[in-house]
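Let me begin by presenting the structure, written as structure tokens, before commenting on it.
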Amino acid sequence: MRLVLSVSALLAIFVDPSGLRGIGGFTWLLFSGYILHSFAVYLYAQLDAPFSQSKLVHWLDVFWYALIVLFTDGIHSFFFLFFFFAILTSSFRWGFDEGARVTLASVALFAACGLGSTTEEDLPRLLLRATFLLALGYMSIHWGGSKVELKRRLALLRDVSRVSNPRFGVDHTVTSVLEKTQMFFHGSCCLLIVRDKESGAYFLRTAREGDAKRSINAERIGADAAAPLVALPQDRIVAYNGPLWPAWPFTGAAAYDSARGRWSKHEEAACRSLAELLDARSFISAPVSLRKSEGRIFLFSREAAFRKTDALFLSHIAAQAFPVIENIELLDRMASDAASQERQKIALDLHDTAIQPYIGLKMGLSALRNKAAADNPLIEDLDKLADMAAKVIGDLRRYAGTVKNGLDKTEEVLLMVLRQQAAQARDFYGIDIAVCVQGELSVSDRLTAEILQIVREGLSNICKHTFAHHGAVRLECVDGLLRIQIENECDGSQPVAFQPRSITERATALGGNAQVKQTTNGGTSVHVEIPI
């Protein structure tokens, strides 16, 4: 469309040059230059170059249109209508704020084009066209901003209603919804207070701006602490905006009645006390009703003011996300019960098919040891094999107990098991494995089991397929990703390109990926990233 506009402008002065004053050689050069600019932008767009998607493009359009108006009779030029193209493209792509800046810049440049040559008779034309440009430009940026805002809201509703990976658990899903809501509204804090209908206990979840050490688990609080949060009517959507400064008169609280479909004034004192309690200027809140619990979701802001439409959209988020979460919780409970029964069966199978044979092996080694004479050169090897068999039996029994009872949701258990695996690699194969956990790992028991299996596979590859004497296992949660790094030193052999099949399949099943890289010292490093 930009290219069509530039060509049509050149054809307009070619077909009817008498309609414009001041047409000269520079004007033809100017229009030809804009055609080349439009063609270059078109090529960049066809090649998906980053420049074609930048804000610089529509600002260059404004600059070109200002030059065209200036050298084609100033305020009398009908090419001032081209400014609307830049206004439309900026607002429908970048939203209201960017469209407003382009509109004001277009009006200012159009007025500047006539400052030097405008007479008293031309002043009404200047004011009329500038007002027309400003008014129609405002309408354009209003609808353009609405379209961008609608796309953002639809994207958020899609994200919060997307079924979470069941291995991550319900707690992670709820926390993710709160974080996405807080980031969407640019709020300072998002709270979810829920009361269990059976026990009457209150549970609080919090997602704060810039909180890197968040916890995915709900915190149980007393009725006194929950009272300010549950004091609002359960069937009302509430929006409150406090004063910018103490003497600011424009404040108020409003409540929306979904049954009657209209807003009404709400008690401002209670809302002001709640905002002061959370150190916020404004907040919006919507009810959350589930099968076994009820509560409210709050979004607080220290600086920004919320609109009534924001409060209504918050209620849409709650209505869209939490029924899905409730279904996930039901499925998760069913899966956990089924998994518990399966663990009981696997634990018995492990005892019968794995532990018992090792016990028999240990007994056989002990019998051979007793038969051997004191000067037998194999005594040391028999003792070593017997010790290894005893350790394997102990590990299998601990593993069977873990399978039977499940893993605790604590980072200490994960770190303890990782160190046990590292100790086993050192005792059996003489390989020192350093275990490093950076930061806090907020993962569920199911994901913990997957992590342990991935690390076990990686250590097994180091022990069986390399001659390395040192290795390392590093885990960290950063930027919404769980990163697992398993590396070994250079063992002197030529590195061979490979892809660990089992680790890759497990990472893919969790929505992540696995890559093999060479370290700076010639070693091998397996990088696994899992989105959490």
Side-chain angles (χ1 to χ4, degrees), residues 156 160 164 169-209 211 213-242 253-258 266-302 306 310-329 442:
L156 178 63
V160 300
S164 174
V170 176
D171 292 330
H172 181 275
T173 304
V174 177
T175 304
S176 177
V177 170
L178 297 182
E179 288 182 340
K180 291 176 181 178
T181 303
Q182 178 263 321
M183 289 187 292
F184 178 85
F185 287 102
H186 304 288
S188 58
C189 178
C190 186
L191 301 180
L192 175 65
I193 180 74
V194 174
R195 184 184 70 87
D196 188 271
K197 293 180 180 179
E198 296 179 355
S199 64
Y202 290 94
F203 297 92
L204 179 67
R205 299 178 187 271
T206 307
R208 297 184 182 275
E209 181 183 15
D211 186 7
K213 296 183 179 181
R214 60 174 178 84
S215 175
I216 65 173
N217 299 319
E219 178 185 0
R220 183 167 181 171
I221 61 175
D224 295 337
L229 298 174
V230 298
L232 299 178
Q234 181 60 27
D235 59 343
R236 295 289 190 273
I237 302 169
V238 179
Y240 170 76
N241 286 310
Y256 182 78
D257 188 350
S258 301
H266 189 67
E267 184 180 355
E268 186 175 345
C271 294
R272 185 187 305 112
S273 300
L274 181 58
E276 293 175 354
L277 180 65
L278 273 298
D279 190 23
R281 179 202 161 197
S282 58
F283 72 86
I284 53 178
S285 177
V288 175
S289 181
L290 300 175
R291 185 169 53 90
K292 291 187 177 181
S293 59
E294 62 181 6
R296 299 191 69 89
I297 182 172
F298 290 85
L299 187 70
F300 294 88
S301 176
R302 295 189 181 93
F306 291 115
D310 294 332
L312 292 177
F313 182 60
L314 182 64
S315 68
H316 294 327
I317 295 175
Q320 184 79 11
F322 288 100
V324 177
I325 293 174
E326 192 173 36
N327 293 334
I328 295 174
E329 184 178 13
S442 299

Do the ring planes of F283 and F300 sit parallel (below 30°), tilted (30 to 60°) or perpendicular (above 60°)?
-> tilted
Tightest non-hydrogen contact, residues S301 and A280, listed as O-CB, 3.4 Å
Starting from the C-alpha separation in whole Å, work towards a yes-or-no answer on side chain to side chain contact (heavy atoms under 4.5 Å, CB included) for F313 and L156.
-> CA-CA 11 Å; F313 182 60; L156 178 63; 3.8 Å; yes
Please report the closest heavy-atom contact between Q182 and C189, naming both atoms and the distance.
-> CG-N, 4.4 Å
From E268 atom CD to Y240 atom OH, the distance as rounded to the nearest 0.5 Å | 5.5 Å
How close do L229 and R296 get, heavy atom to heavy atom, and via which atoms?
-> O-CD, 3.9 Å
From CG (L204) to CG (L192), nearest 0.5 Å | 8.0 Å
Are the side chain of E219 and the backbone N or O of R205 linked by a donor-acceptor pair below 3.5 Å?
-> no
Atom of P287, atom of A318 and distance for their closest heavy-atom approach = O-CB, 4.1 Å
N241 (side chain) donor-acceptor with F306 (main chain) under 3.5 angstrom | yes
Value rounded to 0.5 Å, distance of CG in L232 from CD1 in I237 = 12.0 Å
Taking the side chain as C-beta and beyond, is there a heavy-atom pair between S285 and L299 under 4.5 Å?
-> no
For the atom pair CG (L178) and CD1 (I317), what is the distance rounded to the nearest 0.5 Å?
-> 10.5 Å
Measure the CZ-CD distance between R195 and E294 for me, rounded to the nearest 0.5 Å.
-> 4.5 Å
R208, CZ atom: more than 12 neighbouring heavy atoms under 6.0 Å = no
For the student: nearest non-hydrogen atoms of A286 and S315, plus distance | CB-CA, 3.6 Å
Assess whether side chain to side chain contact (heavy atoms under 4.5 Å, CB included) is satisfied between V194 and V288, documenting all intermediate values.
-> CA-CA 8 Å; V194 174; V288 175; 5.5 Å; no
Heavy-atom closest pair, residues P228 and L274 = O-CD1, 3.9 Å
Report the distance from atom OH of Y202 to atom CG of D224, rounding to the nearest 0.5 Å.
-> 10.0 Å
